[in-house]
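Proteins get letters first, then strands, A, B, ... in listed order; numbering begins at 1 in each.
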Amino acid sequence: MSERAFKPHEIEPKWQDAWEAAGADRAVEDPGKPKKYVLEMFPYPSGDIHMGHVRNYTIGDVVARQARMAGFSVLHPIGWDAFGLPAENAAIKSDSHPAKWTYANIETQAASFKRMAFSYDWDRTVRSCDPDYYHWGQWIFLKMWERRLVERRSSPVNWCPSCATVLANEQVIGDGVCWRCKSVVEKRELEQWYLKITEYAQELLDDLDKLPGWPERVKTMQANWIGRSEGAEVDFELCDAAGEPTGEMITVFTTRPDTLFGCTFFLLAPEHPLVKEFVAGTEHEAAVMDVVQKAARETAVERQLGERVKNGAFTGRYVINPVNGEKVPVWVCDYVLMEYGTGAVMAVPCGDQRDFEFAHQYGLPIPPVVVAEDDPLLEELRGVKERVLDDVPWDEAYAGDGVMVQSGEFTGTPTGKGGEGVRAVTAWLAERGRGKEAVNFRLRDWLISRQRYWGNPIPAIHCSECGLHPVAEDELPILLPMDIDVTKGETLADHPEFYETTCPVCGTPARRETDTMDTFTCSSWYFLRYCDARNSRSPFYRDNVDYWMPVDQYIGGIEHAILHLLYSRFFTKVLRDMGMLGFDEPFTNLLTQGMVKKDGETMSKSKGNVVAPEEMIAKYGADTLRTYILFMAPPDKDLEWSYEGVDGMYRWLARVWRFVNDAAEESANGCGIATSQDTAAKVLNREMHRVTGKVTSDIERFQFNTAIAAMMELTNAAYDYRRDVASGARDLPLQREVAGRLTLLLAPFAPHMAEELWLEVLGARGSVHEQAWPAFDAAAAAADEVELAVQVNGKVRGRVVVPADADVESVQSVALAEVASWVEGKDVKKVVVVPGKLVSVVVAG
RNA sequence: GCCCGGGUGGUGGAAUGGCAGACACGGAGGUCUCAAAAACCUCUGGGGGAAACCCCGUGUGGGUUCGACUCCCACCCCGGGCACCA
């Protein structure tokens, strides 16, 4: 037989050109079809594509291609997250300009994506470093400013000495290192720009419940990051240096107001403004300032190291506990954080492990106020209202549920997390105006300013006469100047021609802001821009966004579980409140794909274990690479690269190729007969229908590995048929139908080969990618006879073949006969028949 | 410490509570060939047995069930996130 050889390198470029010329992948708003927005996180143009890209974008491409065949109007766009520090570092290394490096890499990656046959609508390409994109990033910033969501203020911030810029909280990862360069982050007190994401903390938390299509893991991480705590704010009255009440209040946040009677000291963060005021010129100044300075010097890493020693010092001042009027000493200590709550804490050593340790260290009293029901101590203290015991006999604090003791009128109240005691004490305080219910979040505002050149300029002007002003909307975009030499370490702050301007309010000489925005501001709305990518009057029109959004399927790495995904949710909610769009959440379904590893480790140049996608395309073709990377593991799990596995995938595709060619040729020559009644043909026909259903449902559930396995089973069934049935006796129309079906099912995975088989081998009309996805026929997939396992007391002792529609009684009797020797002489207690599966016989004796 | 995942052959991995190990890689043997490659065929969890077949087996120990990789309880190990957050 003179069949055509499988030559991926000839057919792949041919079809890529043909599809591009035909504009095959353009997204069209077709009112006659349901829409589907399939999106993969856009890449950073860091150089050649790597296997992580191949995996991410292949997953998305299979989903997009299958959706088109299944009758959806599909938006599947691509772009580049093109601002950022690596471009500056690369420019310094190569004595070049970040723009040059960035655009060159975009070209390289785009060419690779085309070679991989990713079916993008290239007309909608977005590059975040293009002025027509970052223009609208600046515009959104101004709109946020109008809505009081932008703030410039001074606070302790994270500083990366290697990147020479500040970082957002979310960008400090692991043991206090920079997310990008892994350097140890320092604390500095600086004035910076913030987006007030905390205004949306509650909604960002609540709306996680609106995302059933997100992995539980990601939602948990976001919920933990937002970190909501319920409790109360309690006002303590300050005393003056002589210990006399001043009438002035200081507020603390606590989750356990029910333990207020156990408060024996009061703590201030080292950075708290009252600290210096309290100790200035007193005998306590030296010791307190020692604690303050030590805390300031401490790096994030030092804080992580081993068992932390708590440092503290008495300030000489007192506050008054509102529930019992007790005078409580005020200490400064390094485990209280200025950024959380009010920077002041009521210490309850019997109920909080940190306070417990601190009290031990400095010899402060630890009176028990909440005692567990099963604690013998409760017998001694039950009903005791006044403080009679000053030190608990415990080795550690008790934070669980229990009964209040030594707590005045509240003594005897059951309490614990959300217990009655919490509500009772809070209500008591509220009645007297000394406290109220309160909620605190761990989430901090998003620090977005960066002291770097290659980013979106912040559109603001500093006037020494009249303050800080936004740039006028019609002056946007503030163009990022190109004549900056980063190889000399220059930033915008080194270029007067950029920053010298006049104040838009008073007209005096003023200074333009020289910080740029965090790149994550660019990636927080790019998915909206794709819906209306060439709009020059607005970031996007609402009609277009409301048509395509929300993203039906979003695909990307787990490393963005908090960062990008949280910021994008925030932007979406703000834009919704601005009336720019009409939905609450940007990404309906999220798939976090696993990493591609080699020898158990992530691929990296320094480890020398990188497998280059382009080399694999050159050796096997893109179809093999695409199919392989989906077959090796479920998409959300890590994948271990195997060269042998790629060989195997190539072999299978070649096997499919030969079968389709043989089936087409035999059909054309007519060297067989139609005998679709025989058993072998029935088996093959059924397998074709079963596999159609399996591949369809597996793609829906992102189980690409089992979808491919099912297609392999169909291939094997086809080869079994050809082996078992002599060439003159084959059912040629069936063979041809199977060949066509396999080609259609394979189209999203191996698009070039499927197209070649469809048009050139099977001689069909119209691109395979424009064909309707084959419908699943359950009746045709059903067998008329089924084999059942017969169990006796849970063990398989035989098998019977029965008609698929056999009634329970006849199945039972056939099954009992099959296992007669196991049942003989025993008492049959029960027979369970599971249709199509098995028969379970229970015997005794 | 708290919160998520996960633990199945030599390997990657399959199994709406229903025959554990689909599919593939690797391995062994074979067909074709002067030979090799390719292709094709057979076998491939462990133990016992000549064989039919039997016993054991999804991290460990219990439980629910006619039946558990799957559900429940306790524990061990691995990976990830958070962590002096009051």
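- The aromatic rings of F253(A) and Y340(A) lie perpendicular to each other, with more than 60° between the two planes, well past the 30° mark.
- Here the nucleotide nearest the side chain of R442(A), chosen from rU42(B), rC23(B), rC85(B), is rC85(B).
- Picking from rA22(B), rA15(B), rC54(B) the nucleotide with the shortest atom distance to the side chain of A709(A) gives rA22(B).
- Between D355(A) and D638(A), the residue anchored nearer the 5' end of RNA chain B, judged by the nucleotide with its closest heavy atom, is D638(A).
- When both pairing distances are held under 3.5 Å, rC71(B) makes a Watson-Crick or G-U pair with rG63(B).
- The base of rC85(B) sits within donor-acceptor range of the side chain of R444(A), with an N or O pair under 3.5 Å.
- Among the nucleotides rC25(B), rC3(B), rA86(B), the one closest to any side-chain atom of E644(A) is rC25(B).
- Here side chain to side chain donor-acceptor pair (under 3.5 Å) pairs that include residues 701-710 of chain A, with residues two or more places apart or in two chains, are D698(A)-R701(A), D698(A)-T706(A).
- A ring-centre distance under 6.0 Å is not found for F749(A) and F631(A).
- Geometrically, K310(A) does not engage F358(A) in a cation-pi contact, judged by NZ or CZ lying under 6.0 Å from the ring centre and within 45° of the ring axis.
- The side chain of D352(A) sits closest to rA86(B) out of rA22(B), rA24(B), rA86(B).
- In the set rA86(B), rC19(B), rC25(B), rC19(B) carries the atom at the smallest distance from any side-chain atom of E787(A).
- Distance from the side chain of F253(A) is smallest to rA86(B) among rC40(B), rA86(B), rG81(B).
- As judged by a 4.0 angstrom heavy-atom cut-off over every strand, P215(A) is placed among residues making no nucleic acid contact.
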Anything under 3.5 Å between a protein N or O and an N or O of nucleotides 61-67 of chain B, put it in a table, one pair a line.
unit_1  : atom_1 : unit_2  : atom_2 : d
rC66(B) : OP1    : K830(A) : NZ     : 3.1
rC66(B) : O2     : S840(A) : OG     : 2.7

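- Among the nucleotides rC23(B), rC85(B), rC4(B), the one closest to the side chain of S229(A) is rC85(B).
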